[in-house]
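Beneath this line is the structure, given in structure tokens, with notes to follow.
In listed order, ligands and their atoms are each counted from 1.
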Amino acid sequence: MRPQHSLEKRNLLPQDLQPINSMQDYKAQGGLEGLKKARTMTPEELIAVVKDANLRGRGGAGFPTAIKWDTVSKMPDPKKYVVCNMAEGEPGTYKDRYLVSKNPYLVFEGMLIAAHVIGAKQAILGTKKKFKDIVLRLQKALDEFEDEGIVERGFLKIVLGPDEYLFGEEKALLEVIDGRAPMPRFFPPFMVGVGVGPTETNPTVVNNAESMSHLPSIVSNGADWFRSMGTEDTPGTVILSISGDVKNPGMYEVEPGLTVNQMLNDLAGGPIGDLPFKAVFSGVANRVLTPDQFDLKVDFGTLRAAGVGLGSGGFIVYDQSRSMVDVLWMFDRFLAVSSCGQCVPCNMGTRVITDHIEKLRDGRGCEDDIEAILAECGRCTNQTRCFLPTQASILSRSVIEKFRAEFEYCAKNQNYEKSDLILPKLQHFDDDSGEFVYESDPIEFRVEIV
Ligand SMILES: Cc1cc2nc3c(=O)[nH]c(=O)nc-3n(C[C@H](O)[C@H](O)[C@H](O)COP(=O)(O)O)c2cc1C
Ligand code: SF4
């Protein structure tokens, strides 16, 4: 196993990366202290601690956790729910599964703290059926919580969902929990939650698995302790997944505030071959990062201010050998295939964007295709239910802005040599070999209507 790098700070992950396999081990390492303390505190006190700690959601948008909780806890409805989002479908991201593979107890402890805050009727974790080993670890940990009487039987629940990317979108996640297909509903979870009926809206808090896992130590050690790590904008630690053309791909828990340069060259060991880096993508929801931006700090605010984004901390790295036409086609095709079709501008627009890039790659395109992509980026987001088409729009615009010459080359040359890249849907990370295993068939699906 790789030794800890000086830029790493293991707070969620075990110091030695050895998996915690029993409740007994968990307790021996300080587990459950946060929950015990939380149960002696009022919801208002807990919200204040999480607000002071400035915990920002690790699911992608960096939304302040305390604001979500505050909204739902003040709602008068008798039934409320906590949902933990462990769908983890973002290309280039593996952090939630890595965390649970090391410690499946932390996430449940965090969910129980969140449930205490909002007075939830139930706390439900949604994850994918195909994450078999992870599901087994979670189920064993849940059983131990029940067997030891830490939680009433049936209060914690695991719901297994489909492979689709959209399953991770919070409104689609609630649909799956309610037994339907992963097609985002209209209203957000705090307005229409789990299991609504004609007279009940059941406000629901949805938080990412890593966000939940930060809660026990914030409650145990206090807001000042959490804020002593990372930056003012993004305190604490964040688990990065770094894949692609780097020497040392892998999973790294760090304090936000290191630069992109440090992340790529120090942590991930620099480029894998002789060629320098060309482009970095933090998942498929943000603008592309280029070497002129590598002095930026890795935190939500700095990257957002630069028009980029931290996303869920999954960085996909490409060197100079990669064509950005091929990369954008691969990402846009993934988004087009993932669109559930409920909103016409998204369903049509993401396909139109992909088709124009395909024409350029096939040597059938011209300059008009580039303009058509940019025009479609402005249309595909009209009155849509979720952020997916906005992702396609942000991503496509930024890649074309920065690498327009590559698209123009395709428009003028019919003999463009395209290469097929593998969509980095990460299936597993092997600590010993230091390598990711990619999903073998990452994008050939459509939302199944049940
Ligand atoms: C298309 C799409 C896919 C998403 N996939 C995930 C996911 O797999 N896991 C996740 O935690 N959030 C995902 N999100 C974000 C969730 O909708 C939601 O914002 C998040 O779970 C909130 O948790 P947080 O506040 O703790 O970050 C996705 C969003 C979109 C638009
Ligand atoms: S925006 Fe796209 S993916 Fe989202 S609900 Fe509408 S059609 Fe489905």
Side-chain angles (χ1 to χ4, degrees), residues 50 55-69 71-72 82-97 99 107 110-111 114 125-128 131 161-176 181-190 204-215 234 236 238-239 241 283-286 300 309-314 331 334-351 353 379-395 425-426 446-447 449:
V50 173
L55 174 63
R56 302 184 62 166
R58 306 300 200 238
F63 190 82
T65 303
I67 295 183
K68 254 184 214 186
W69 289 9
T71 309
V72 172
V82 159
V83 166
C84 175
N85 191 344
M86 220 191 122
E88 192 149 72
E90 186 72 15
T93 301
Y94 182 67
K95 69 190 180 76
D96 297 335
R97 281 164 289 163
L99 179 52
V107 67
M111 286 169 68
L125 182 145
T127 192
K128 290 190 170 127
F131 300 160
D163 288 5
E164 278 89 348
Y165 178 44
L166 268 184
F167 174 39
E169 198 281 336
E170 58 186 10
K171 296 185 271 38
L173 178 65
L174 297 194
E175 283 291 287
V176 172
M183 297 169 82
R185 55 178 67 160
F186 194 75
F187 292 104
F190 74 93
T204 297
V205 160
V206 180
N207 275 129
N208 166 262
E210 185 187 345
S211 316
M212 293 286 189
S213 301
H214 277 296
L215 298 170
T234 313
V238 59
I239 305 179
S241 325
V284 294
N286 289 301
F300 283 112
L310 175 55
S312 53
F331 287 157
F334 170 72
L335 291 169
V337 172
S338 300
S339 166
C340 71
Q342 289 186 99
C343 319
V344 175
C346 164
N347 192 33
M348 278 179 53
T350 51
R351 281 194 232 175
I353 291 171
R379 278 193 293 267
C380 68
T381 54
N382 284 347
Q383 297 182 350
T384 51
R385 285 182 181 220
C386 85
F387 198 66
L388 185 141
T390 309
Q391 298 182 204
S393 170
I394 291 174
L395 187 75
K425 289 288 298 275
L426 306 175
R446 270 270 165 199
V447 168
I449 317 259

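Looking at N347 against ligand 2, nothing comes within 4.0 Å, counting heavy atoms. The side chain of Q391, and not its backbone, has at least one atom closer than 4.0 Å to an atom of ligand 1 (non-hydrogen atoms only; side chain from C-beta on). Contacts between C386 and ligand 1, counted as non-hydrogen atom pairs separated by less than 4.0 Å, are absent for every part of the residue. With a 4.0 Å heavy-atom cut-off, ligand 1 is reached by the side chain of K68 but not by its N, CA, C or O. Here E169 has heavy atoms under 4.0 Å from ligand 1 in both its backbone and its side chain.
Considering CG of L215 and OG of S213, their distance stands at 8.0 Å, rounded to 0.5 Å. Expressed to the nearest 0.5 Å, how far CZ of R185 lies from CD of E170 amounts to 10.5 Å. Going from atom CZ of F387 over to atom OG of S393 covers 9.0 Å, rounded to the nearest 0.5 Å. The distance from the CZ atom of F167 to the CD atom of E175 is 12.0 Å, given to the nearest 0.5 Å. In this structure, C346 SG and N382 CG are separated by 11.5 Å, a value rounded to the nearest 0.5 Å. Atom CZ in R58 sits 5.5 Å away from atom CZ in F300 (nearest 0.5 Å).
Within ligand 1, the atoms closer than 4.0 Å to a non-hydrogen atom of R58 are 26 (O), 27 (O), numbered from 1 in the order shown. Near Y165, meaning under 4.0 Å from any of its heavy atoms, are these atoms of ligand 1: 1 (C), 3 (C). Against a heavy-atom cut-off of under 4.0 Å, P184 is close to the following atoms of ligand 2: 5 (S). Applying the 4.0 Å criterion to heavy atoms of Q342 picks out, from ligand 2, the atoms 5 (S), 7 (S). The distance from ligand 2 to the heavy atoms of S339 drops below 4.0 Å at these ligand atoms: 2 (Fe), 3 (S), 7 (S). Ligand-side atoms of ligand 1 in range of F387: 31 (C), range being under 4.0 angstrom from any heavy atom. Interface of N207 with ligand 1, defined as ligand atoms under 4.0 Å from a residue heavy atom, comprises 23 (O), 24 (P), 25 (O), 26 (O). Close contacts between ligand 1 and G57 involve ligand atoms 24 (P), 25 (O), 26 (O), 27 (O) [criterion: under 4.0 Å to a heavy atom]. Close approach to G89 involves these atoms of ligand 1, each under 4.0 Å from a residue heavy atom: 8 (O). Interface of P389 with ligand 2, defined as ligand atoms under 4.0 Å from a residue heavy atom, comprises 1 (S).
Nearest non-hydrogen protein atom to atom 18 (C) of ligand 1 is E170 OE1, 3.5 Å. With hydrogens left out, the protein atom closest to atom 11 (O) of ligand 1 is N208 ND2, 2.8 Å, a heavy atom. Looking at atom 27 (O) of ligand 1, its nearest protein heavy atom turns out to be G59 N, 2.7 Å. Counting only heavy atoms of the protein, atom 26 (O) of ligand 1 lies nearest to S211 OG, 2.6 Å.
Heavy-atom proximity to atom 20 (C) of ligand 1, evaluated over N85, L388, V83, I67, is greatest for N85. Taking all heavy atoms of C340, G168, P64 into account, the minimum distance to atom 5 (N) of ligand 1 is reached by G168.
Not a single heavy atom of M212 lies less than 4.0 angstrom from ligand 1. The closest approach between A61 and ligand 1 stays at or above 4.0 Å for every heavy atom of the residue.
Residue side and main chain included, C343 places an N/O/S atom under 2.8 Å of atom 6 (Fe) of ligand 2. Taking 2.8 Å as the criterion, C340 counts as a coordinating residue of atom 8 (Fe) of ligand 2, since one of its N, O or S atoms falls below it.
No more than 12 heavy atoms of other residues, nucleotides or ligands shown are found within 6.0 angstrom of CZ on F187.
Taking both residues in full, the closest heavy atoms of G283 and E90 are given as CA-OE2, 3.3 Å, listed atom of the first, atom of the second, then distance.
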Open item on the list: side-chain contact (heavy atoms from CB on, under 4.5 Å), that's the test. Do L388 and T350 meet it? Break it down for me.
Closed with: CA-CA 9 Å; L388 185 141; T350 51; 4.2 Å; yes

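Of the candidates N85, T204, L166, N85 is the only one forming a side chain to side chain contact (heavy atoms under 4.5 Å, CB included) with L173.
Judged by distance alone, with hydrogens and angles left aside, the side-chain atoms of S211 form no donor-acceptor pair with the main-chain N or O of N207 at under 3.5 Å. In this structure a side-chain-to-backbone donor-acceptor pair under 3.5 Å is missing from K95 to S241. The closest donor-acceptor contact from the side chain of T384 to the backbone of C343 lies at 3.5 Å or more, if one exists at all.
Cation-pi geometry between R97 and F131 is met: the NZ or CZ atom falls under 6.0 Å from the ring centre, inside 45° of the normal.
Of the N and O atoms on the side chains of T93 and S312, at least one donor lies less than 3.5 Å from an acceptor on the other residue.
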